[in-house]
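The block underneath contains the structure these notes are about, expressed in structure tokens.
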Amino acid sequence: SYAKQARPQWSNKFFIEEAYRLAQMRSEVFKTQWEVDHIIPIKGLDVCGLHVETNLQVIPRSFNASKQNRFTKQYGWSDFFKETCLAKVN
């Protein structure tokens, strides 16, 4: 996988695994799927990131799909989260 190839030896495996556990926990709590996203895509068109803990964020699957391996400075997923996920909990 691209993630294995893009993970340098100096990366923190514990924190990377924590991100995946957090995605699973959020999926269970909010009853919607969450995923670990690479902020700077591993296989982007203009830029390629690494599979390291500082390049990961846990976001809703539907928002992740809309990113389509693009890197933008404004993610906007926090507004998406408030409108979709928190509404299900409250």
Side-chain angles (χ1 to χ4, degrees):
S1 80
Y2 291 114
K4 281 187 178 183
Q5 293 173 1
R7 187 177 152 255
Q9 288 184 339
W10 51 261
S11 65
N12 189 315
K13 189 175 178 185
F14 173 80
F15 287 124
I16 292 171
E17 290 172 351
E18 277 292 294
Y20 286 93
R21 284 190 282 274
L22 178 60
Q24 181 179 2
M25 183 186 71
R26 285 183 180 177
S27 295
E28 293 169 6
V29 169
F30 295 112
K31 309 293 188 236
T32 186
Q33 293 300 307
W34 287 66
E35 294 181 337
V36 176
D37 171 57
H38 293 91
I39 298 166
I40 301 173
I42 289 178
K43 191 178 178 189
L45 296 174
D46 299 324
V47 64
C48 295
L50 295 174
H51 187 62
V52 295
E53 62 279 5
T54 55
N55 189 34
L56 300 177
Q57 61 181 351
V58 179
I59 62 175
R61 176 180 285 170
S62 54
F63 186 77
N64 193 22
S66 71
K67 274 185 62 189
Q68 298 178 344
N69 280 341
R70 289 187 303 244
F71 172 65
T72 59
K73 291 187 178 181
Q74 293 188 1
Y75 303 109
W77 77 267
S78 60
D79 292 329
F80 175 87
F81 171 72
K82 290 174 192 172
E83 294 171 8
T84 59
C85 298
L86 287 181
K88 291 182 180 182
V89 175
N90 293 328

Taking every non-hydrogen atom, the tightest pair across Arg7 and His51: CG-O, 3.4 Å

Looking only at heavy atoms, what is the nearest atom pair of Ile40 and Cys48, with distance? CG2-C, 4.0 Å

In terms of hydrophobic clustering (I, L, V, M, F, W, Y; side-chain heavy atoms under 4.5 Å; direct or indirect links), are Val36 and Val52 co-clustered? no

Just so I know, are the side chains of Leu50 and Ser11 near enough to count as touching, which here means a heavy-atom distance under 4.5 Å? no

List the atom of Val58, the atom of Trp34, and the distance in Å for their closest heavy-atom pair. O-CZ3, 3.5 Å

Is it the case that over 12 heavy atoms from other parts of the model lie below 6.0 angstrom from the OH atom of Tyr20? yes

Interatomic distance, CZ@Arg61 vs CG@Asp37, rounded to 0.5 Å, equals 12.5 Å

How close do Ala6 and Gly49 get, heavy atom to heavy atom, and via which atoms? CB-O, 4.1 Å

When Gln33, His38, Glu35 are each screened for side-chain hydrogen bond (donor to acceptor under 3.5 Å, both in side chains) with Asn64, the one that passes is Glu35

Here the gap from Asn12 atom CG to Thr54 atom OG1, rounded to the nearest 0.5 Å, amounts to 10.0 Å

In the single-linkage hydrophobic clustering (I, L, V, M, F, W, Y; side-chain heavy atoms under 4.5 Å), do Met25 and Leu56 co-cluster? yes

Answer yes if Leu22 and Ile16 sit in the same cluster of Ile, Leu, Val, Met, Phe, Trp and Tyr residues linked by side chain heavy atoms under 4.5 Å apart, and no otherwise. yes

Write out all pairs satisfying salt bridge (charged side-chain N to carboxylate O under 4.0 Å, His left out) with one or both partners inside residues 47-57, taking only residues at least two apart or from two chains. none

Qualifying residues under salt bridge (Lys or Arg N to Asp or Glu O under 4.0 Å), relative to Glu18, sequence neighbours excluded: Arg21

